[in-house]
Every structure is written in C-alpha cells, then in structure tokens.
Amino acid sequence: MSAIRVAPSVCRRTGNEFVVSNRKTSQHRTGHSWNNSRLLPESNRRWASRARRVSETKTRAAETDAKDSFEEFQKALSDAAGEDTFQNDFQQDANYPDVDLSDFDPPPPVKGGGVLLRVVAFSLAAWCHALAPLGGKWGAGATANGFTGVSLFATPLQWFGVAFIASALVSGVFCRFMNRKRLFQPIREEGPSSHKDSRTKTKTPTAGGVAFVPAGCLVALFFTKCGDPAVNAVVAVTLAFLAIGAVDDFGKLKAGANDSGLKPRVKFTAQCAAATAFVCLLYFLSTAGIIRETSTTVSFGFGFVMDFVAQMVFGATRVGSRSRVVQNVFLPLGGFLFYALSAFAIVAESNAVNVTDGVDGLASSLCAIAFVGLGVVCLAGGAASLGAFAIAMAGASCGFLVINRHPAAMFMGDAGSLSLGAALGATAAAFGGGATFPLFVSTLVFVAEVVSVILQVGWFKITKKSTGKGERLFRMAPLHHHLELGGWGEVRVVATMCAFGALAAVSGVAVAIGWVFCLIE
C-alpha cells in the first residue's frame with residue numbers, strides 16, 4: 001500500500017479546531033465567521049474585531065506545536081483510509097517523512113515448499129525400495145544375489161525411513177530450543193536484498209546440522225552394528241567436520257555478524273587436517289587387512305554409456321550380452337596420489353555444499369539425492385555397510401528438509417553443509433577408486449555452483465585489470481543467486497536444481513554400473 005501524504009501547510013489544528021490554511025492569501029476558515037464581522041451591527045463591530053485578533057493570536061501560537069498536531073491528524077487519516085485515497089490530494093512537506101503502511105502488511109503466503117518436500121522424499125524412498133534385492137530383511141541377515149558379501153540388517157528403504165523420522169524429530173526439538181534462545185542466522189550483507197529485507201530469514205535459527213547429522217550417523221551405526229571399521233572412520237570424519245562448522249556457526253551467533261566465526265584460513269586448515277587424518281587412517285586400515293583393500297585405481301565407467309554412442313557412430317554391434325565395444329578407462333594412481341586425491345575430494349565437496357547452501361532446502365535436497373546415488377554405487381560394488389551409511393545420511397537430509405523447506409524454519413549452517421560434503425567425499429574414498437568418478441558426476445550441481453563463483457571472481461579481476469572497471473558474468477554468484485535475481489522464486493530454483501541433481505545422480509550410477517559389469521565379466 002502506498003504512503004498517505006498530508007502536508008502540515010494545508011492542515012493544522014488551532015486550539016480545539018482544525019484549520020485549513022491558504023498561505024498565499026493568509027485566510028483561514030474555521031468554525032466561526034469572524035471574517036463576516038462587517039455584517040454585524042455597529043455596536044458589536046469592535047467586539048468582533050477583538051475576537052478576530054484573539055483568534056489570529058491563537059493561530060500564530062498554535063504553529064509552535066504544529067508538528068505534533070499534524071502527526072496526530074495524519075495518523076487519524078491513515079487509520080481511516082484503507083486505500084491511497086489521499087495520495088494526490090495534498091503536496092508533501094519536505095520536513096515530514098512519509099508513513100509507509102506497507103510495513104504493516106502481512107507477508108504474502110508462500111506455497112510449494114511442502115510439495116517439493118513430498119516429491120523429493122517419496123521419490124528417494126521409491127528408489128530405496130527398488131534396491132531391496134541389494135539389502136536384507138528386517139531382523140535377519142541376508143546377502144544380495146552375487147553383489148554383496150556382507151550380511152545387512154534391514155533394507156535400504158528402512159535405513160532411509162528410520163533416519164528420516166529420527167532426523168525430523170531431533171531437528172524439530174533443536175529448532176524450538178534455538179528459537180527460545182533467539183539464536184538467529186545473521187544475513188550476509190553481500191547476498192540478495194530480498195534475503196536481507198525478509199522478515200522470516202532474519203528471524204530464522206541456524207546450526208541445524210548439529211541435530212540431524214549425528215542422527216543420521218547413529219542410524220547408520222545402528223544398522224551396521226558398529227561392525228565395519230570403514231563406516232566408523234567415515235562417521236568420525238563427518239563428526240569432525242561437524243565440529244568445525246559448529247564452532248564457526250556459534251561464533252557468528254555470538255558476534256551477531258555473518259563475517260565473524262572462524263577465519264577462512266583457520267577453517268580451511270582444520271578441514272585439511274581432518275581430511276588428511278582420515279585418509280591416513282584409511283590407509284592404515286587397508287594395509288593392515290582390517291578392512292577390504294582399497295582400490296587406488298580410478299575407474300571411468302564409460303563402457304556402459306559409450307556402447308550406444310559407438311554403435312550409433314561407427315555401426316559396431318555387440319557380440320555377446322556383456323561384451324564391450326568401448327572398454328572402461330582405468331587410471332592407476334598408486335597409494336600416495338589416490339589418498340591425496342581423496343583428501344582433496346573431501347575438502348572440495350565440503351566447501352561445495354557450503355557454497356550451495358544459500359536457498360531454503362537446496363543443499364539438503366541435493367545432498368539427499370547424491371547420497372542415494374552414492375549408496376547405490378556402494379551396494380552394487382560390494383561395500384554394503386558404506387551403502388547403508390550413505391542411504392541413512394540421505395534419509396537424515398530429507399528429514400531435516402521438513403523444517404528447512406521454503407519458508408525455512410531453520411538453516412543447517414556450516415555445521416550441516418561442511419559435514420554433509422565431507423561425508424560424501426569420505427564415503428567415496430573408503431569405497432575406493434571405483435566411486436571417485438561417480439561421486440564427481442553425482443555432485444555436478446555442486447560443481448557448477450563452485451565453478452560459477454570461480455568464473456565470477458576470475459572474470460571480474462581480468463576485466464578490472466584490462467579495462468579498469470570490473471565486469472560480472474552473472475548477476476550474482478553462486479548460480480542460485482543469479483537465478484533469484486532473474487526473478488525466480490526460491491521454490492522454483494530448488495525444484496530446477498533438484499531435477500538436474502537427480503539426472504546427475506542417475507548418470508553417476510550409470511557410469512559406475514559400467515565399472516561393476518566389467519568386474520563381473
């Protein structure tokens with residue numbers, strides 16, 4: 001609603017009366033007819049003249065409190081008018097500000113967040129249900145038909161469902177606690193103006209990862225019976241990144257500023273230290289025979305995908321049902337290079353998820369999709385326990401989406417984003433080289449978000465150096481903010497990116513299946 005503007009030069013109150021004044025003629029119209037005194041009898045004219053002088057004296061005295069009187073009158077008009085009826089009736093006086101009634105309007109209703117939650121959750125649950133042959137039955141150990149050699153407790157759908165429920169409950173309780181303490185997320189000054197001006201985002205608690213990430217880890221440990229050292233190591237590094245993010249989140253909350261918390265160099269150093277400690281532990285467990293030997297050969301499973309391309313381009317045909325026209329590509333790295341690449345992947349995925357976490361429900365949705373895809377790769381490749389961990393973390397991410405969907409009741413903060421990215425990278429590292437490339441493909445949306453930031457900064461520096469004035473490739477980086485400033489709503493941004501994330505996860509499984517089939521042959 002537009003502002004109602006009333007100038008004190010045309011409306012003021014003298015004594016107990018409102019007076020309409022014309023400054024050019026210095027005439028006043030009041031409830032008394034002193035200006036018609038010449039129509040009175042001769043004997044009463046001096047009394048009329050005296051009364052007129054008294055009235056003028058009161059008028060001049062009233063100008064000293066005109067400001068207060070005008071504000072009362074303006075408030076009365078604002079309360080009485082439901083529309084901008086008086087917008088063009090009076091000219092605004094420069095000494096008095098507008099009264100913007102739009103500040104008191106209720107925010108418009110937001111729709112779509114609940115629908116998106118149901119679509120993501122039920123789609124991933126259906127995918128997990130389709131994986132039942134790779135799991136077992138509730139309460140009874142079973143092995144998959146030729147794929148896994150480890151007894152599994154329950155089915156993938158049950159891993160997902162239990163983690164979903166546990167995460168939703170714990171996150172809801174933690175959200176109420178943070179609201180009571182009024183620990184709200186400081187909004188980044190460089191972000192979109194719609195975020196800074198939002199009445200909901202400025203009153204939204206953060207650090208939700210402190211609640212739902214441990215819930216997912218506990219569910220995974222429960223279903224694996226804490227019996228797989230590789231899963232235990234992955235849980236440990238996930239909680240280490242959770243601690244780094246929590247320290248950063250609560251530092252920001254304490255200072256009340258988004259640029260507070262851990263310094264970037266300190267945070268990055270802690271991430272590198274945690275990732276290095278994890279890969280060293282993984283190397284020790286593998287060489288000591290405590291876990292299965294970790295393959296240090298990175299596999300690019302193009303054979304399964306490139307068969308069709310080769311047949312279309314070269315006219316090649318299959319000789320047998322499993323023969324390959326284009327073989328898989330293998331890159332043996334050796335121990336040192338593979339574990340260095342794994343540590344890099346953990347830190348890179350951690351920061352990529354952190355960059356992506358800028359829109360309600362975006363990071364949690366994409367992580368849930370990527371975890372299910374990675375879980376399929378682990379189950380099909382024989383790492384049943386790692387598959388259980390990945391799917392449990394997918395359920396925990398979806399459970400947090402219950403309160404993180406738009407409009408978000410809570411943000412995951414660095415505690416959630418750093419630990420989820422680290423869990424993705426650590427799971428692929430524990431599986432071996434067969435999951436390195438599928439991890440990259442499954443998380444292509446995260447990669448695109450990071451690349452958009454790199455391109456934005458790089459292009460700005462190049463153009464500033466060459467022309468003296470920096471230019472930008474995007475309206476704002478990362479990519480989701482570019483779409484927001486283009487007029488897209490948050491739900492539309494999340495839905496579109498989730499569609500691309502699902503396509504990436506399926507593609508990651510496809511390239512991994514080419515590698516698995518090659519092993520079977």
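Quantities reported herein were computed from a predicted structural model and do not represent experimental measurements.
- For the pair R405 and F400, the NZ or CZ position fails the cation-pi test of under 6.0 Å to the six-membered ring centre and within 45 degrees of the ring normal.
- In terms of modelled atom types and a separation under 3.5 Å, the side chain of S452 and the main chain of L479 share a donor-acceptor contact.
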(message) Test side chain to side chain contact (heavy atoms under 4.5 Å, CB included) on I391 and L379; report intermediate values, then the result.
(response) CA-CA 10 Å; I391 293 177; L379 287 172; 4.0 Å; yes

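- You'll find the side chain of L420 reaches within 4.5 Å of the side chain of M412, heavy atoms only.
- The backbone N or O of L439 lies less than 3.5 Å from no partner atom in the side chain of S442, so there is not a single donor-acceptor pair.
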(request) Go through the steps for M410 and F174 under the test side chain to side chain contact (heavy atoms under 4.5 Å, CB included), then give the verdict. (result) CA-CA 9 Å; M410 189 173 204; F174 187 66; 3.1 Å; yes

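- At least one side-chain heavy atom of F440 sits less than 4.5 Å from a side-chain heavy atom of V447.
- The main-chain N or O of L503 is found under 3.5 Å from a side-chain atom of S507 such that the two form a donor-acceptor pair.
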(message) Set out, in order, the CA-CA distance, both residues' side-chain angles and the distance that settles side-chain hydrogen bond (donor to acceptor under 3.5 Å, both in side chains) for N354 and S417, then state yes or no.
(response) CA-CA 5 Å; N354 183 252; S417 58; 2.9 Å; yes

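- Checking side-chain atoms of S466 against main-chain N and O of T463 turns up a donor-acceptor pair under 3.5 Å.
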Name each donor-acceptor pair under 3.5 Å that joins a side chain in residues 240-252 to protein atoms two or more places apart or in another chain, with its distance.
residue	atom	partner	partner atom	Å
D248	OD1	L262	N	2.8
D248	OD2	K252	NZ	3.2
D248	OD2	K267	NZ	3.2
D249	OD1	D414	N	3.0
D249	OD2	D414	N	3.0
D249	OD2	A415	N	2.9

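- For the pair F160 and M393, the minimum side-chain heavy-atom distance is 4.5 Å or more.
- Surrounding CZ of F268 are at most 12 heavy atoms belonging to other residues, nucleotides or ligands under 6.0 Å away.
- Pairing each heavy atom of A409 with each of C175, the nearest pair is O-SG, 3.4 Å.
- Using a 4.5 Å heavy-atom cutoff, the side chains of L362 and E449 are in contact.
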(request) Please test F411 against D360 for side chain to side chain contact (heavy atoms under 4.5 Å, CB included), starting from the C-alpha separation and ending with a verdict. (result) CA-CA 8 Å; F411 302 138; D360 295 348; 3.3 Å; yes

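- Closest heavy-atom contact between P156 and C128: CB-O, 3.6 Å.
- Between T238 and V213 the shortest side-chain heavy-atom distance falls below 4.5 Å.
- A distance of 11.0 Å separates CD1 of I291 from OG of S385, quoted to the nearest 0.5 Å.
- Nearest heavy-atom pair across I346 and A426 is CG1-N, 3.7 Å.
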(request) Using the side chain to side chain contact (heavy atoms under 4.5 Å, CB included) rule, take L253 and Q185 through it: C-alpha gap first, then chi angles, then the decisive distance, then the call. (result) CA-CA 7 Å; L253 292 174; Q185 169 72 46; 5.6 Å; no

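- Taking all atoms of both residues into account, the shortest heavy-atom contact from V219 to A392 is CG1-CB, 4.2 Å.
- In this structure the side chain of E471 reaches within 4.5 angstrom of the side chain of W459, judged on heavy atoms.
- Within the 4.5 Å cutoff, no side-chain heavy atoms of L218 are placed close to those of F222.
- Here the CZ-OG1 distance, from F336 to T296, works out to 13.0 Å after rounding to the nearest 0.5 Å.
- The two residues T294 and S286 come nearest to each other via the heavy atoms N-OG, 3.0 Å.
- Put simply, OG1 on T443 and CD on E349 are 3.5 Å apart, with the number rounded to the nearest 0.5 Å.
- For the residue pair V506 and W127, the shortest heavy atom distance occurs at CG2-CH2, 4.4 Å.
- A distance of 16.0 Å separates CZ in F164 from CD in Q158, rounded to the nearest 0.5 Å.
- In R475, the CZ atom is crowded: over 12 heavy atoms of neighbouring residues, nucleotides or ligands sit closer than 6.0 Å.
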Side-chain donor-acceptor distances from residues 366-374 under 3.5 Å, at least two apart:
none

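- When side chains are defined from C-beta on, S365 does not count as touching N404, because their heavy atoms never get closer than 4.5 Å.
- Looking only at distances, a side-chain donor or acceptor of Q456 sits under 3.5 Å from a matching main-chain atom of L473.
- With hydrogens and angles ignored, the 3.5 Å screen pairs no side-chain donor or acceptor of S123 with any backbone N or O of V120.
- To the nearest 0.5 Å, atom CZ of residue F212 and atom SG of residue C217 are 10.0 Å apart.
- Around OH of Y339, the count of heavy atoms belonging to other residues, nucleotides or ligands within 6.0 Å exceeds 12.
- To the nearest 0.5 Å, the span separating SG on C398 from CG on L117 amounts to 7.0 Å.
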